[in-house]
Amino acid sequence: MTLPALFFAFLQIGAFSVGGGYAAMPLIENQICTRHCWLSADEFAHLVTIAEMTPGPIAINAATFVGIRIAGLPGAVTATLGCILPSCLIVSLLAWLYRRYKALPLMRSVLSALRPVVVALIAGAGLSLLKNALWQGAPVLSAPSPQQALLFAGAFLLLRRKACNPILTMASCGVIYLLFNLP
Amino acid sequence: MTKPTLRQLFFQMFTISACTFGGGFVIVTLMKQRFVEQRGWLTEPEMLDMTALAQSAPGPIAVNTAVLVGWHLAGLPGMLAAVLGCILPPMLILSVISLFYAAFSANPYISLLLRGMQAGVAAVILDVTVSLGQTVLAQRSPLHLFLLGGSLLLVLFTAVDPLVLLLGAALVGVLFHRKEPVQ
């Protein structure tokens with residue numbers, strides 16, 4: 001009975017977490033700690049740390065982590081499938097509607113009003129990451145971490161002026177910071 | 001507008017997904033850089049539309065975007081290839097890490113590397129934001145400037161739900177449907 005339970009728990013997480021990322025956290029916690037007791041509070045804290053340290057959506061990270069611990073590799077696959085199934089269905093419907101109606105004048109007007117808001121949302125995500133990197137929880141009016149500020153300024157200039165590869169730029173920032181702070 | 005093969009779509013999504021530290025919007029910025037600028041698979045407005053749709057449906061933003069881009073570029077097989085490419089890296093990484101997660105999350109070198117990468121990730125997102133913002137400014141539409149500025153203020157200074165912002169913008173799009181002819 002473990003695999004169906006895993007599937008349906010993550011199906012609910014996938015179906016009800018709107019807004020992505022950290023919006024899904026309370027739902028995940030409710031399903032895997034409170035309802036099913038698959039992880040202790042301590043293990044859940046580990047999971048959050050690992051999800052932050054690794055690439056990919058938190059819900060997928062959680063599905064794989066919990067699935068493997070409960071039922072091995074089949075568990076990981078089952079939980080992940082449950083997690084993405086609602087997305088695949090609902091968003092496929094949206095994709096169809098988009099394809100069909102995007103040429104309508106009303107739809108074009110709505111879409112063109114959405115675009116500036118999406119730009120603002122992306123800007124907000126970038127600025128909050130920047131705040132986190134430069135001030136690490138300290139008030140923004142205090143002096144930022146000089147190393148992080150230099151890294152950010154250098155990376156930003158390289159990306160804007162030289163159109164450097166973003167993935168390479170991110171990785172180099174990590175390596176440079178590591179080399180200058182070796183314990 | 002060129003079309004990708006399924007293999008290209010899968011590998012592009014796979015490498016992008018393997019490098020998205022820092023949340024759903026990172027995948028969107030990397031997809032913009034790869035799919036819009038390098039490959040010409042999508043136009044910038046299409047990318048923004050898909051981001052708005054991905055954000056308004058439940059589930060991880062990265063997976064939702066993969067569903068939309070996959071359908072758009074290569075129909076149902078494209079959707080499956082893109083989603084698989086998107087979820088495999090986090091699944092593989094988490095499967096390995098779940099074996100020795102305590103050692104991983106306590107490793108000082110890894111946490112230094114990730115700390116430095118934060119600055120790089122912020123630079124990548126803000127670089128894309130500036131490019132996208134320039135496109136909005138270039139339209140010289142007072143309505144779009146208002147939407148950009150207003151939603152940026154709300155994102156930065158209130159805990160507004162992104163979904164509420166998008167719904168509000170959609171409503172504005174409906175209301176200004178006749179007055180604001182779309183380019």
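Chain identifiers are assigned alphabetically (A, B, ...) following the order of the sequence lines, protein sequences preceding nucleic acid strands; residue numbering begins at 1 within each chain.
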Give me the atom names and distance for the closest heavy-atom approach of [X] to [Y].
| X | Y | value |
| --- | --- | --- |
| A:Ala155 | B:Ala123 | CB-CB, 3.6 Å |
| A:Thr80 | A:Ala76 | OG1-O, 2.7 Å |
| B:Gly78 | B:Leu9 | O-CD2, 3.5 Å |
| A:Ile122 | B:Ile125 | O-CG2, 3.5 Å |
| B:Ser98 | A:Phe65 | CB-CD1, 3.8 Å |
| A:Gly126 | B:Ala122 | O-CB, 4.1 Å |

Is it the backbone or the side chain of [X] that comes under 4.5 Å from a heavy atom of chain A, or both, or neither?
| X | value |
| --- | --- |
| B:Met79 | side chain |
| B:Met47 | neither |
| B:Ala18 | backbone |
| B:Leu114 | side chain |
| B:Val83 | side chain |
| B:Leu68 | both |
| B:Leu53 | both |
| B:Val124 | both |
| B:Leu163 | side chain |
| B:Ile97 | side chain |

Heavy-atom pairs under 4.5 Å with chain B are the metric here; pick the option from [options] that has the most.
| options | answer |
| --- | --- |
| A:Ala51, A:Gly67, A:Cys88, A:Ser172 | A:Cys88 |
| A:Arg160, A:Lys131, A:Met170, A:Gln148 | A:Arg160 |
| A:Gln136, A:Gln147, A:Met107 | A:Gln136 |
| A:Gly56, A:Ala120, A:Ala153, A:Cys164 | A:Ala120 |
| A:Leu129, A:Ile176, A:Val117, A:Leu179 | A:Val117 |
| A:Ala163, A:Pro57, A:Ser92, A:Ala63 | A:Ser92 |

What part of [X] gets closer than 4.5 Å to chain B, counting heavy atoms only: side chain, backbone, both or neither?
| X | value |
| --- | --- |
| A:Ile60 | side chain |
| A:Ala123 | both |
| A:Pro166 | both |

**Asked** Linking I/L/V/M/F/W/Y whenever their side-chain heavy atoms sit closer than 4.5 Å, directly or via other members, would B:Leu42 and B:Leu30 fall into one cluster?
**Response** yes
**Asked** Any link between B:Leu84 and A:Leu89 through a network of hydrophobic side chains (Ile, Leu, Val, Met, Phe, Trp, Tyr) touching at under 4.5 Å?
**Response**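 No.
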**Trace of the side-chain contact (heavy atoms from CB on, under 4.5 Å) decision for B:Leu113 with A:Tyr177** = CA-CA 6 Å; B:Leu113 194 69; A:Tyr177 189 78; over 6 Å; no
**Asked** Pairs in or reaching into residues 62-79 of chain A: which pass side chain to side chain donor-acceptor pair (under 3.5 Å), with residues at least two apart or in two chains?
**Response**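 The answer is A:Glu43-A:Arg69.
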**Item:** Under 4.5 Å side-chain linkage, directly or through intermediates, the cluster mates of A:Phe156
**Value:**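 Answer for A:Phe156: A:Leu127, A:Leu130, A:Leu134, A:Trp135, A:Val140, A:Phe152, B:Leu126, B:Val130, B:Leu152, B:Leu153, B:Leu156, B:Phe157.
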Among the listed options [options], the residue most often paired with chain A at heavy-atom distances under 4.5 Å:
| options | value |
| --- | --- |
| B:Asp49, B:Thr20, B:Leu147, B:Val155 | B:Asp49 |
| B:Glu44, B:Arg34, B:Gln33 | B:Gln33 |
| B:Gly70, B:Gly149, B:Ser151, B:Ala54 | B:Ser151 |
| B:Ile93, B:Thr29, B:Leu154, B:Leu166 | B:Leu166 |
| B:Gln38, B:Met91, B:Gln118 | B:Met91 |

**Message:** Is a donor from one side chain sitting under 3.5 angstrom from an acceptor on the other, for B:Thr135 and A:Arg115?
**Reply:** no
**Asked** Under the side-chain contact (heavy atoms from CB on, under 4.5 Å) criterion, do B:Val69 and B:Met50 qualify, and how do the steps go?
**Response** CA-CA 7 Å; B:Val69 171; B:Met50 289 183 187; 3.7 Å; yes
**Asked** Should the ring pair B:His72 and A:Tyr98 be called parallel, tilted or perpendicular, given that the plane angle runs from 0 to 90° and is split at 30 and 60?
**Response**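 The rings of B:His72 and A:Tyr98 sit tilted, inter-plane angle from 30° to 60°.
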